[in-house]
There are 2 protein chains.
Amino acid sequence: MKVIQNIKVAVDAVVFGYSDNKLKILLIQQKFGTKSNKWALPGGFVKDNENLEKAVVRELSEETGVKANYLEQLYTFGEINRDERARVIAVSYIALINPKNYTIKADTDAKDAKWFNLNEIPNLAFDHKEIIDKGLERLKAKINYKPIGFELLNTKFPFSDLENLYQTILGKKIDRRNFRKKLLSFDILQETKEVQKIGSGRPAKLFKFNHKKYKELEQKGFHFEIKFV
Amino acid sequence: MKVIQNIKVAVDAVVFGYSDNKLKILLIQQKFGTKSNKWALPGGFVKDNENLEKAVVRELSEETGVKANYLEQLYTFGEINRDERARVIAVSYIALINPKNYTIKADTDAKDAKWFNLNEIPNLAFDHKEIIDKGLERLKAKINYKPIGFELLNTKFPFSDLENLYQTILGKKIDRRNFRKKLLSFDILQETKEVQKIGSGRPAKLFKFNHKKYKELEQKGFHFEIKFV
DNA sequence: TCATTTATGTGTATAATTTACACAAAAATA
DNA sequence: TATTTTTGTGTAAATTATACACATAAATGA
């Protein structure tokens, strides 16, 4: 197989986190190269002996120290001049994590790494802004038909967290009663005996997402789907 | 930028066609390599000076002579041993075309090229079966929320063609009256003055999909969505 | 030519789902 | 102890989805 090709393969991750009722993205500041100092998505070149997913997991770990709860391939970017140094195609992924579970540490390959609010993303290297846009689009669409939002929350969470998460990601108000009714009707949330009392207001019951139950129901043809105008 | 990497980048297309009330896929028979004689998806290596989409378009043209009505990136396959000759990652696409518009001709790089019924796909090279499965899954999901099914039909088509298309792809019966009612309610189908009379039975009015109208409505927030249990 | 076959075209009643909407309860705070 | 803050809950109306059957227009065959 004689192929003349001078293309490199990289992976990049759009890592979403959620805290303080805000959607955040994990970025790194590059250490090397002409883009030094510019912020960018965590990612890097795929090694010959690892598949794409392994490559993302490794890069995430090396550059930021996090391990994703949820990881899904997003899109492959392959414009000729997306990286002016060489022809590089980027296989992108979206990842969901709960920021509370990690202290971000800029590791081997990054000068710095931290969470940015979605509306405070700095100028990014390459086409990484475009990748984020695509990732956000996917996230927005997907929380409506797959129960992946829970991956951004604590294992036990008050209903208000879930409401806020959806409202934040979708960028719109959702009726609290209808939302709760709908989610509970799916029978995939488990009420715990614990309550959360922080600050003022009535203490909130804590719920858990029942992964096992969900898988069972999915098997039987159940389809998670919410839609709020 | 010093990167030691020996990975090649290919594109592959799952080309869907629809005729005789059947969903078909366009395959080529390889001319070269160890997989000679095996059927495979049309596709090939990306050139240094073309982006991914251009590469698919070119390969489709070279190998089968078709030009897709609709082309969308599907998924990138990157397992280490998906091609035993070398490390190759495949950026896959789905394409929709109307088979009536082309006579398939095995061209430069293929020994043969032809349409296969979906239930008569032979053993395929590499992980191409997996790619088809993924493509089919995408198609099944997507015809429910984007009006892409029309790309598989003639410009002017009787309603029964559309019904059959959906029933075939989704693999289930759909109530004719409810289906028609729903589609017409969107106001994106244009009734022509022509009728189609072939064989016995009452002649059918011919409809056109109004791309322009759809784009307008989409702009205003309209969302194509059908769902039949 | 007329009875039969084949495919298209159409409406309505019922069930299910979605939407809109407001006040009581439990705690913290002033 | 009155006020503020947040959680928790039900119902009526509107919309949407579902189930279902017969008339019409042509071709076909007796």
Side-chain angles (χ1 to χ4, degrees), chain A residues 19-22 143-145 153-154 156-168 170 172-208 217 221-229, chain B residues 19-22 143-145 153-154 156-168 170 172-208 217 221-229:
Chain A
S19 57
D20 312 318
N21 287 348
K22 291 212 180 76
I143 56 169
N144 288 313
Y145 64 91
L153 301 178
N154 294 330
K156 294 172 188 174
F157 56 88
F159 231 100
S160 53
D161 274 11
L162 195 56
E163 285 165 32
N164 289 329
L165 175 68
Y166 270 81
Q167 293 189 141
T168 303
L170 299 177
K172 59 186 165 198
K173 283 256 163 298
I174 298 176
D175 183 274
R176 200 148 49 90
R177 277 173 290 189
N178 292 339
F179 182 79
R180 189 180 181 120
K181 214 185 310 174
K182 187 71 179 175
L183 268 290
L184 287 178
S185 76
F186 292 152
D187 208 28
I188 54 176
L189 292 185
Q190 205 169 353
E191 191 175 324
T192 70
K193 280 161 188 160
E194 299 168 57
V195 292
Q196 187 181 62
K197 30 183 168 182
I198 41 170
S200 66
R202 177 174 176 170
K205 296 177 194 166
L206 293 180
F207 289 84
K208 278 173 76 172
L217 290 172
F222 164 72
H223 193 197
F224 180 90
E225 177 131 41
I226 68 180
K227 200 187 318 174
F228 288 94
V229 191
Chain B
S19 57
D20 312 318
N21 288 348
K22 291 211 180 77
I143 57 169
N144 287 313
Y145 64 90
L153 301 178
N154 294 330
K156 295 171 186 175
F157 56 86
F159 232 100
S160 52
D161 274 12
L162 195 57
E163 285 165 33
N164 289 330
L165 176 68
Y166 271 82
Q167 293 188 140
T168 303
L170 300 176
K172 60 185 164 198
K173 283 256 162 295
I174 299 176
D175 182 273
R176 200 149 48 89
R177 277 173 290 190
N178 293 340
F179 182 78
R180 189 181 181 119
K181 215 184 308 175
K182 187 72 178 173
L183 268 290
L184 288 179
S185 78
F186 292 151
D187 208 26
I188 53 175
L189 291 185
Q190 204 168 355
E191 192 176 324
T192 69
K193 279 160 189 162
E194 299 167 58
V195 293
Q196 188 180 64
K197 31 183 168 183
I198 40 169
S200 65
R202 179 172 176 171
K205 295 178 195 167
L206 293 180
F207 289 83
K208 279 172 75 174
L217 290 172
F222 163 71
H223 192 197
F224 180 90
E225 178 132 39
I226 67 179
K227 201 186 320 173
F228 288 94
V229 191

Atom pair distance, as rounded to whole Å: CD1 in A:I174 and P in C:dA20: 12 Å
Donor-acceptor pair present, A:R176 side chain and D:dG8 base, under 3.5 Å: yes
Tabulate atom names and distances for all N/O pairs under 3.5 angstrom spanning the protein and nucleotides 25-30 of chain D.
unit_1, atom_1, unit_2, atom_2, d
D:dA25, N3, B:R202, N, 3.3

Donor/acceptor link under 3.5 angstrom from A:K181 side chain onto base of C:dT18: no
Separation of atom CG in B:D175 from atom P in C:dG9, rounded to whole Å: 15 Å
Side chain of A:N178 (C-beta onward), nearest among D:dA17, D:dC20, D:dG10: D:dG10
C:dT10 phosphate, OP1 or OP2, under 4.0 Å from B:K205 side-chain N/O: yes
Non-hydrogen side-chain atoms of B:H223 and B:Y145 separated by less than 4.5 Å: yes
Rounded distance in Å - NZ (B:K182) to C1' (D:dT15): 10 Å
Close side-chain approach of A:I226 to A:Y166, heavy-atom, < 4.5 Å: yes
B:L162 to B:L189 - nearest heavy-atom pair and separation: CD2-CD1, 4.3 Å
Heavy-atom side-chain proximity of A:Q167 to A:F179 below 4.5 angstrom: no
Whether over 12 other heavy atoms sit under 6.0 Å from A:K172 NZ: yes
Any A:R180 side-chain N or O less than 4.0 Å from OP1/OP2 of D:dT9: yes
B:F186 CZ to D:dA17 C1', straight-line distance once rounded to whole Å: 12 Å
Pairwise side-chain contact, B:F224 with B:I143, heavy-atom cut-off 4.5 Å (strictly under): no
OP1 or OP2 of C:dA7 under 4.0 Å from side-chain N/O of B:S160: no
Whole angstrom value for the distance that separates P of D:dT7 from CZ of A:F157: 14 Å
Nearest-Å distance for atom pair CD/C1', residues A:Q196 and C:dA27: 13 Å
d(CZ, A:F159; P, D:dT9) in whole Å: 10 Å
Whole angstrom value for the distance that separates C1' of C:dA20 from CZ of A:F179: 17 Å
Heavy-atom pair with the smallest gap, counting every atom of A:E225 and A:K182: O-CE, 3.5 Å
